[in-house]
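The block underneath contains the structure these notes are about, expressed in structure tokens.
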Amino acid sequence: MAAAPEASTTEASSLDTFPRLLAHHARTLADAPAMREKDMGIWQGWTWSQVADEVAALACGLAELGFKRGDRLAIIGDNRPRLYWSMCAAQILGGVPVPLYQDAVAQEMVFVLLDADIRIAIVEDQEQVDKLLEVREQCPHLQHILYDDPRGLRHYTQPFLHGMDEVLAMGRIHNTNQPDFIVQEIARGKTDDVSIMLYTSGTTGKPKGVCQTHAAFIAAARGGMEVDHLAADGNILSYLPMAWVGDHLFSYAQALLAGFTVNCPESAETVMIDMREIGPSYYFAPPRVFENLLTQVMIRMEDAGRLKRGMFHYFMAVAKRCGADLLDGRPVSGADRLLYALGNIFVYGPLRNVLGMSRIRVAYTAGAAIGPDLFRFYRSIGINLKQFYGQTETCAYVCLQPDRQIKYDSVGKPAPGVEIRIADNGEILVKGPMLLKEYYKRPDATAESINADGYFMTGDAGFLDDDGHLKIIDRAKDVGKLAGGAMFAPNYIENKLKFFPHIKEAVCFGHDRDMVCAFINIDMGAVGNWAERRGIAYAGYTDLAGKSEVYELIQQCVEEVNAELGRDAMVADTQVHRFLVLHKELDPDDDELTRTRKVRRGFVAEKYAVLIEALYGGKPSQFIETEVKFEDGRKGKVAADLVIRDVRTFAKGAA
Amino acid sequence: MFYRETGQFKTSYAADQQIFPIRQDRIGVVLLLIAAFVVMPLAASNYWFNAILIPFLIFSLAAIGLNILTGYAGQLSLGSAAFMAVGAYAAYNFQVRVEGMPILVSFMLAGLTSAGVGILFGLPSLRIKGFYLAVATLAAQFFIVWCLTKFPYLSNNSSSGVISVPGIEILGIKFDAPQERYLLVLAIVALLALVAKNMVRSTTGRAWMAVRDMDVAAEVIGIRLMRTKLLAFAISSFYCGVAGALYAFCYLGSVEPDGFSLDLSFKILFMIIVGGVGSILGSFLGAAFILLLPIFLDIFLPWLSALLQLPFDGATVSHIQLMVFGALIMFFLIVEPHGLARLWQIGKEKLRLWPFPH
Amino acid sequence: MARQIGDVILDLKNISLRFGGVKALTDISFDVREHEIRAIIGPNGAGKSSMLNVINGVYRPQEGEIIFRGEHRRNMDTHAAAEAGFARTFQNIALFKGMTVLDNLMAGRNLKMKSNFLQHALWWGPAKREELAHRRKVEEVIDFLDIEHIRKTPVGRLPYGLQKRVELARALAAEPQILLLDEPMAGMNVEEKQDMCRFILDVNDQLGTTIVLIEHDMGVVMDISDRVVVLDYGKKIGDGVPDDVKNNPEVIAAYLGTQH
Amino acid sequence: MQFFFEVLIGGLLSGIMYSLVALGFVLIFKASGVLNFAQGAMVYFAALSVVGCMEKGAPLWLALILAFAIMTLLGIATEKFVLRKMVNQTPIALFMATIGLSFFIEGLAPMLWGNEVRPLDIGIVDEPIPYILDSYNMVVSSFDLFAAGVAVALVAGLALFFQYTRVGRALRAVADDHQAALSIGIPLQHIWALVWAVAGFVALVAGMLWGSRNGVQYALTFTALKALPVLILGGFTSVPGAIVGGLIIGASEKLAEIYIPPVLAEVFGGNFGGIENWFPYVLALLFLLVRPEGLFGERHIDRV
């Protein structure tokens, strides 16, 4: 024991690249599970040493195909073990993996494929192969395409297509012939090498390739690991796009650092079932997933018998009263403790179980503001849900909520090693080891985003409260001014609107105008259910959105928000005066949302200019026809005569 | 509610295909086995052993036998009692005629003898189906009981076929006391129940169910109807035969052929209807229910008559019993054709999804 | 495409089938080539299902000869047909309703399983090994037909379209050489039909299975089959590639004559 | 030889009695596809009801009418509370339900009317017909002959009922094809209730005859067990089958009863009475192996 600490420190200090981390786990956690994938009806598993072998073989195979130090490797597909392994394989060879969003259409991929000079792409299946074949002419550099799942590809005879099985076989031979090759390649890696390129979806302009080093992601991963005490016995369910920085941090960087097990679901449709089977200890989901879950819980409970429903609501009230306090270690009366313990047996425990959250130690949400009620619900039933804050450029690592210091309207305290400053215009500036190295081939953009003091300009507006917790208001550039001069933070208002389960999306306008107006998207599930219970018949989204009962419902929500805004002097002037319910759902396929489901404000404003005009022109209604793209690529049109409503506003400071 | 399945994932087909894939169920079964093997022998009275536990286990075994034939293979039989009789008399004959025959071997041979007779009476199933076959099994019922009465050789020349079995001794250990006999029966029944479960969850069982559900399709995928049906008759009769041997040796001690009447066959049929057609668990539940119901009525009806001040004599009680039996059978067939086992399953589903209703 | 249609593997010669006095099939001859999709079409009551039933031995024709891979037979026997590699689906779904999807598929492989009931009774040992090995095979079929989510559902609870798919899966589980499909798309909506079409083509293309199918939807038949036999009142009135059959006056007459 | 004929005729005449019970089975099976195991219990119940009513002072004719009313009620109740609720279930399940029904009736009947054995006198004496005894020296019971006459009359009556009444024709339509019957607007449930009533009537007649011969007692329920081999032989759906089957079973059973036990006794030694309990079954079974569809049944082709 005495000699051990020293040995481990020397080793730990040398664990500065991901391939070295993998090699380390292959030795120390050799037979512990590294990865699982639901396939063929059961969870197929790989231990760390098996993963290391597979990765080595894959790296050798890639080398045989001519993949060299500094090359970039495109990775396209759902979360599959072999796709994660390809990342590490590329890193071993000193290359840079570039994961792409798998649900993007072929033309959207062209930009990245060209921008990153992709020569070799590893893709999941026939679907992705077909996309790449479609755009191959446009990408002259693309030399090899490797596919994971050979299904349906039997008759594809193109010489540049390779099954991963062949490449692995080839690599194994290579590995046996030159056993030192991999060791040497790993040794050649440096911690300041770029380890990954993640393209920012970019709410404006073309995507930019964010280059992050091993050091940056390892620092970010280590900070998170320390705050949340992540350990090798943990499990995570990896189901979010591999191209998203969060997945890279949790499922790749932290998994390799802490040595916990990454579990890949069977398919996108079975995520909930797979989640229940695995029972992850570490879980991430965007707020809308938590929101959908809660809606489902409530809908399913509606069908329960009277007695059970009564019991459920009783104990949920108990949880609301004291659950979150218990989790945060605040004092709670003995009677409430007893009731909560009972509730834990009859409601919370079983509920966590059916949601697949029984074993969760930490759950995270980020990417959008989460409603306080929603947040509170999960914490009150004993799930340690937290928020964090970060960008692709900061390895998704800026602020974390430490245990027992959870505030519902903040994103937590600066994470270990991170410095935060608030600029005069309210913009949040951050500095630390996790900052990007550069934007790929975009020195101009790199220079623009990092100021002279070495701080990265996040583009978000916010402030630190008295306890040092960061609160986000809006995108800095979106914070505008009303014609009257008052500050206008559209996101802030929109989030308040979106906290109502009936409102799925909201877009507010008001910059340089004399009042605030809003577009609303209703939530099809929640409002549909609401309508059914009232016996309101409807045919599809457009019809439902136009019902006067629905308008009535939404108007109530908007007025409640107005009342809330009215109470706060800072934003009282930005109450919503007029609104309309859009005739179609905003959709990434129609470019109205980003792939991460953020509103493309400018695009929407342009596309629906006629509606904005009607809002500010005082018209009672407006006809509009819009083209929509269906999932299979077909196009169609939806048209409707949209009603516009005036809303009651409240005097400043009035309740 | 008590199920916490989150995190119980399966990494091998072996784990996925085990009899109780849910951990809480496995714990429950272990507790049940401990209760049956350890707690009961210490806690139960002789009345419990003799009047409830031993007959319960024996009838469960017979019900498993009938369930294999009727519930799994879909061949209705009304002659289970006759196959029990074959088992009882075969075991008796092996015991008294072969010097030094171990009792367990006798039970085994009794089962095999019964299986042989079962195959014989199963032969018509190759050409006839449904009611015709059900009626044909009545032939077995009447013929076998008649044979046992009329051929003195079969009862070792005792008058009118009554046999009194010798005591049980295994490897020098006597099984005389009620709890000793209980443990013997329990061990045999538990083992055979496991064997039955193994069969019904493998190719054999699937072939039976395939023949039951859609015989033409079964034939087309290569299942041999003849072999499958006869195997079901043989296994079913084996179980009934062993149950019969236990019935004679461990329960009554002295039996006569008329004790294995059509009424007994019906009783076993009722057990599987109430318990659950096509369920091993159901066989136990049904046996318990049908066995406990008269005991319950014996207690409840006098109480009721006192309450309502109606004169219920013994005959009336037995008439009410008949009516309750009949009504129950109709009730289950109408309301829950898959019996108590299905109710159990529904309840379990509810608990697994708790607090959600479905 | 890359799919190679091979030699004749199944040859039916002068088949006649009667039920009592009713003639179901009269002197019908046609052949099936390896790897092809062969359709049998015809108006209601033309004897299409009877034809399939003759091919895999459910019915025994009074006259004729069935030659499968050079082996001459007076008639098929269902068991022999199954062993020879015939698998089929039925017009009115003939699944084992009380069993799960998984068990239905496992039952479909029963001929490949060699352990006996005594080994099953003991379970541990050969029976278990065999069971698990075949489970793996069955999972491949489940994966192929995208029915992972219903693996453990009793088939009786499934909607019609899925039951049809499960029946196809059960047939595939046997790894057949010839697949006989009796109206695989009957009663389906457009989307389900498209799916089924794709699966049939996938089976033919990727597993190389020869397919004989009966179908009512002429569009589907003409799209996916290599050759078509047309029956009417138990007699063959046309045989050839879809385009030829489409223009055959006798076929047109039969269809016009019965559809109105 | 004379003795042989005497046995044969006796057998044929008692076979007619089996046919009567079998007839009840056939009626219900034809109309609803249910093999009604409770037919024996219904015979018992009907006979007991007549006796019971007479004990309460009703004359025979009134007792008969009352018993018929009771049987009709029972039929309607069975249809309404049991069969109607089991429309989607397999025939075997329905069969098992009638076993339950049989138990229910076996409990209900003695609850209502008491369970002691009682004689039933319908005014027909059971003694050898003097003429036949004199001329052929054979014992032929006048009662048996009367029973045979009743049976023939009943069959004739049923035939006329089926052939010439609207209800009868409807019944036949149902028997042939449920769907077709539905599509021509016959309420299936009424038909079923009616058919149960008719079966109840047949049970009543059988109960009268069996009861007055052997006394009204629980053993009357066993008549169902006598009728089952008749059904196997004659087919579940054939009225003539039930008659011919009954005759064959009756005759062969009596002959077997007389001629087989002595042979067995000679071979094995001992007493081999009681052969009639199983002989009809084995006979019917052997017959089935040769001709699975029964005497008059139709060959069934599985459509797939």
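Below, chain A is the first sequence line, B the second, and so on; all start at residue 1. None of the values given here were measured: they were computed from a predicted structure.
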CA sep, side-chain torsions, deciding dist, call: D:Ile99, B:Phe270, side-chain contact (heavy atoms from CB on, under 4.5 Å) | CA-CA 9 Å; D:Ile99 297 179; B:Phe270 287 177; 3.7 Å; yes
Result for ring-ring contact (aromatic ring centres under 6.0 Å, His included) between D:Trp278 and one of B:Phe142, B:Trp146, B:Phe121 points to B:Trp146
Step through the shown structure and confirm whether more than 12 heavy atoms of other residues, nucleotides or ligands are within 6.0 Å of OH on B:Tyr153.
-> no
With a 4.5 angstrom heavy-atom cut-off, which part of D:Ile105 approaches chain B: side chain, backbone, both or neither?
-> neither
For B:Thr316 and D:Met111, work out which heavy atoms get closest and say how close.
-> CG2-SD, 3.6 Å
Would D:Leu285 and B:Phe143 count as a side-chain contact (heavy atoms from CB on, under 4.5 Å) if you check the C-alpha gap in whole Å, the side-chain angles of each, and the deciding distance to 0.1 Å?
-> CA-CA 12 Å; D:Leu285 205 55; B:Phe143 182 71; over 6 Å; no
Approximate separation, where rounding is to 0.5 Å, of B:Leu328 CG and D:Phe104 CZ = 11.0 Å
Is the number of heavy atoms from other residues, nucleotides or ligands within 6.0 Å of CD (D:Glu116) greater than 12?
-> yes
Select one option (side chain, backbone, both, neither) describing which atoms of D:Leu94 are under 4.5 Å from chain B's heavy atoms.
-> neither
What part of B:Ala134 is in contact with chain D, defined as an atom under 4.5 angstrom from a non-hydrogen atom: side chain, backbone, both or neither?
-> side chain
Heavy-atom contact with chain D under 4.5 Å, split by part of B:Asp263 | side chain
Quick one: sort the B:Phe266 and D:Phe37 rings into parallel, tilted or perpendicular, breaks at 30° and 60°.
-> perpendicular
B:His319 atom NE2, neighbour heavy-atom count above 12 within 6.0 Å | yes
Gap between atom OG1 of D:Thr98 and atom CD1 of B:Ile329 - 0.5 Å precision | 11.5 Å
CZ (B:Phe151) with more than 12 external heavy atoms under 6.0 Å | yes
Report the option among D:Thr90, D:Ile92, D:Leu286 that has the most heavy-atom pairs separated by less than 4.5 Å from atoms of chain B.
-> D:Ile92
B:Arg227, CZ: over 12 other non-hydrogen atoms inside 6.0 angstrom | no
Once you round to the nearest 0.5 Å, how far does CE of B:Met330 lie from CZ of D:Phe103?
-> 11.5 Å
Who wins among D:Glu106, D:Met86, D:Met96 for the most heavy-atom pairs under 4.5 Å with chain B?
-> D:Met96
Measuring heavy-atom distances to chain D, does B:Leu262 have an atom under 4.5 Å in its side chain, in its backbone, in both, or in neither?
-> side chain
Among B:Val135, B:Leu126, B:Leu76, the residue with the most heavy-atom pairs under 4.5 Å to chain D is B:Val135
Top of B:Ile334, B:Val220, B:Thr149 for chain D proximity - count of heavy-atom pairs under 4.5 angstrom = B:Ile334
Do you know the tightest heavy-atom contact between B:Ala315 and D:Asn115?
-> CB-ND2, 4.3 Å
For D:Gly235 and B:Tyr132, the nearest pair of non-hydrogen atoms, with its separation, is CA-OH, 3.9 Å
Are B:Ile128 and D:Ile232 close enough that some pair of their side-chain heavy atoms sits under 4.5 Å apart?
-> no
Do you know which of D:Gly274, D:Pro280, D:Ala38, D:Ala284 has the most heavy-atom pairs under 4.5 Å to chain B?
-> D:Gly274
What part of B:Ile273 gets closer than 4.5 Å to chain D, counting heavy atoms only: side chain, backbone, both or neither?
-> side chain
Residue part contacting chain D, namely of B:Ile144, when any heavy atom lies under 4.5 Å = neither
Side chain, backbone, both or neither: which part of D:Phe29 has a heavy atom under 4.5 Å from chain B?
-> side chain
Using a cut-off of under 4.5 Å for heavy-atom pairs, which of D:Leu231, D:Leu108, D:Asn277 has the most such pairs with chain B?
-> D:Leu108
